[in-house]
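Note that this is a predicted model, so its numbers are computed, not measured.
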Amino acid sequence: MDYKIIFGGQVGAGKTTAIQTISDIPVATTEAKATDDVAKRKSQTTVAMDYGMLQLEGGEKVHLFGTPGQQRFSYMWDVLTIGGLGLVLLIDNHQDDPVADMVFYLDAFKDFINKNAVVIGITRMDLSPQPPLTDYIEKLKELGINAPVYEVDARRSEDVEVLLMSMLSILELGLQ
Ligand SMILES: Nc1nc2c(ncn2[C@@H]2O[C@H](COP(=O)(O)OP(=O)(O)OP(=O)(O)O)[C@@H](O)[C@H]2O)c(=O)[nH]1
Ligand SMILES: [Mg+2]
């Protein structure tokens, strides 16, 4: 069996990094030089998709698809979620109003989330410890969305594995 998981979230939240951190194969990226506002934050940005793959102990493959964070490429969000089982939503805590950003992406992916699993990883908390995870949990409760929230550093494989394992256990794929 093969499974497909999608990574979504803001520009710079760490989608490409997270996939590179855990993929068992070299990740195919579509990074281009960032322009305008994005360039202030980082030099490269995903313009179409990332693709990586993780092989589980039982031999199953988990295909990992990263979306572009920029809203102008949002048509790719719909394309990339087709056939997916779950969304890993990454939110950069080092932004002005990251809880509002989470709400924005949950809304953008709402048709997918209504039918599939979602887990949330809050990144860059080392740079901005505020807001705390409880603010996200409160907001999710308010929205009636059932999703676990974790503090993660997309550069650390242990952290990204926790997110992935949480996703796979929600999907009851019974792994490892
Ligand atoms: N300090 C810190 N840096 C992080 C953390 N997680 C990821 N990063 C860094 O943040 C940046 C994230 O960049 P990308 O992985 O390109 O972000 P992306 O989500 O793919 O962004 P787009 O493709 O532009 O939508 C990289 O430089 C990572 O090394 C974290 O928890 N703390
Ligand atoms: Mg990217």
Side-chain angles (χ1 to χ4, degrees), residues 1-29 42 46 49-69 77 80-81 84-95 98-99 101-106 108-109 112-113 115-141 143-176:
M1 274 298 278
D2 281 10
Y3 310 112
K4 176 178 175 181
I5 302 294
I6 295 95
F7 285 66
Q10 308 127 307
V11 166
K15 303 175 293 294
T16 301
T17 306
I19 292 173
Q20 284 170 333
T21 300
I22 53 160
S23 179
D24 289 330
I25 59 168
V27 175
T29 61
K42 60 195 186 86
T46 303
M49 61 180 275
D50 309 304
Y51 171 70
M53 192 269 288
L54 186 71
Q55 188 132 23
L56 300 172
E57 281 183 350
E60 303 98 327
K61 290 177 176 169
V62 183
H63 300 283
L64 310 166
F65 286 83
T67 58
W77 304 349
L80 291 172
T81 46
L85 293 179
L87 175 73
V88 174
L89 183 59
L90 295 182
I91 297 295
D92 173 5
N93 213 42
H94 193 50
Q95 292 299 317
V99 176
D101 293 341
M102 175 186 75
V103 174
F104 170 83
Y105 285 93
L106 287 171
F109 285 95
F112 182 76
I113 291 170
K115 301 190 211 98
N116 300 282
V118 55
V119 301
I120 300 173
I122 311 300
T123 62
R124 297 158 71 93
M125 290 194 85
D126 52 317
L127 302 174
S128 274
Q130 297 296 328
L133 289 189
T134 46
D135 284 19
Y136 293 93
I137 293 163
E138 281 296 310
K139 182 54 81 177
L140 287 165
K141 211 184 276 175
L143 296 172
I145 295 174
N146 189 13
V149 184
Y150 300 92
E151 173 176 351
V152 298
D153 184 326
R155 301 166 299 181
R156 287 170 53 97
S157 56
E158 309 91 280
D159 289 14
V160 184
E161 275 164 19
V162 165
L163 270 182
L164 244 285
M165 288 305 139
S166 169
M167 166 67 74
L168 296 177
S169 75
I170 292 169
L171 295 171
E172 295 185 337
L173 294 180
L175 312 152
Q176 308 207 352

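Annotation for Gln55 and Asp24: closest pair N-OD2, 2.8 Å, computed over non-hydrogen atoms. Leu85 and Ile5 get closest at one heavy-atom pair: CB-CD1, 4.5 Å.
Atom-to-atom distance recorded for Gln20:CD and Leu64:CG is 11.5 Å, nearest 0.5 angstrom. Between the OG1 atom in Thr81 and the CG atom in Leu87 there is a gap of 8.5 Å [rounded to 0.5 Å]. Taking CE from Met125 and CD from Gln130, the interatomic distance works out to 7.5 Å, rounded to the nearest 0.5 Å. The CG atom of Leu143 lies 6.5 Å from the CG atom of Leu106; values are rounded to the nearest 0.5 Å. Rounding to the nearest 0.5 Å gives a distance of 7.5 Å between CG of Leu56 and OH of Tyr3. The distance from the CG atom of Leu54 to the CD atom of Glu161 is 7.5 Å, given to the nearest 0.5 Å.
Under the salt bridge (charged side-chain N to carboxylate O under 4.0 Å, His left out) criterion, Asp101 pairs with no residue, sequence neighbours left out. Glu158 pairs by the side chain to side chain donor-acceptor pair (under 3.5 Å) definition with Arg156, not counting sequence neighbours. By the salt bridge (charged side-chain N to carboxylate O under 4.0 Å, His left out) test, Asp2 pairs with no residue at all, sequence neighbours left out. Tyr51 is linked by a ring-ring contact (aromatic ring centres under 6.0 Å, His included) to His63, Phe65, counting only residues two or more places apart in sequence or in another chain. Partners of Thr67 by side chain to side chain donor-acceptor pair (under 3.5 Å), not counting sequence neighbours: none found. By the side-chain contact (heavy atoms from CB on, under 4.5 Å) test, Thr21 is found to be paired with Thr17, Ser157, Val160, residues two or more places apart in sequence or in another chain being considered. Remark: Gln95 engages Asp92 in a side chain to side chain donor-acceptor pair (under 3.5 Å) (not counting sequence neighbours). Annotation: side-chain contact (heavy atoms from CB on, under 4.5 Å) contacts of Pro131 (sequence neighbours excluded): Asn93, Pro98, Val99, Asp135, Tyr136. Qualifying side-chain contact (heavy atoms from CB on, under 4.5 Å) partners for Ala117, counting only residues two or more places apart in sequence or in other chains: Met167, Ile170, Leu171.
Checking side-chain atoms of Lys4 against main-chain N and O of Leu80 turns up a donor-acceptor pair under 3.5 Å. In this structure, Trp77 contributes its side chain and Pro68 its backbone to a donor-acceptor pair below 3.5 Å.
A 4.5 Å side-chain heavy-atom check between Val11 and Lys42 finds at least one atom pair inside the cut-off. You'll find the side chain of Leu163 reaches within 4.5 Å of the side chain of Leu90, heavy atoms only.
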- So Leu89 and Ile113, side-chain contact (heavy atoms from CB on, under 4.5 Å) or not? Walk me through it. CA-CA 11 Å; Leu89 183 59; Ile113 291 170; 5.8 Å; no
- Task: Show your reasoning for whether side-chain contact (heavy atoms from CB on, under 4.5 Å) applies to Met102 and Leu140.
- Result: CA-CA 9 Å; Met102 175 186 75; Leu140 287 165; 3.9 Å; yes
- Verify side-chain contact (heavy atoms from CB on, under 4.5 Å) between Ile6 and Phe112, making sure each step is shown before the conclusion. CA-CA 10 Å; Ile6 295 95; Phe112 182 76; 4.0 Å; yes
Report, one line per pair, each donor and acceptor closer than 3.5 Å where one atom sits in a side chain of residues 146-153; sequence neighbours left out.
| from | atom 1 | to | atom 2 | distance (Å) |
| --- | --- | --- | --- | --- |
| Tyr150 | OH | Ser166 | OG | 3.0 |
| Asp153 | OD1 | Arg155 | N | 2.9 |
| Asp153 | OD1 | Arg155 | NE | 2.9 |
| Asp153 | OD2 | Arg155 | NE | 3.4 |
| Asp153 | OD2 | Arg155 | NH2 | 2.7 |

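Checked by atom type, the side-chain pair Thr29/Thr16 shows no donor-acceptor distance below 3.5 Å.
No option in Ile122, Val103, Thr123 other than Ile122 meets the side-chain contact (heavy atoms from CB on, under 4.5 Å) test with Ile91.
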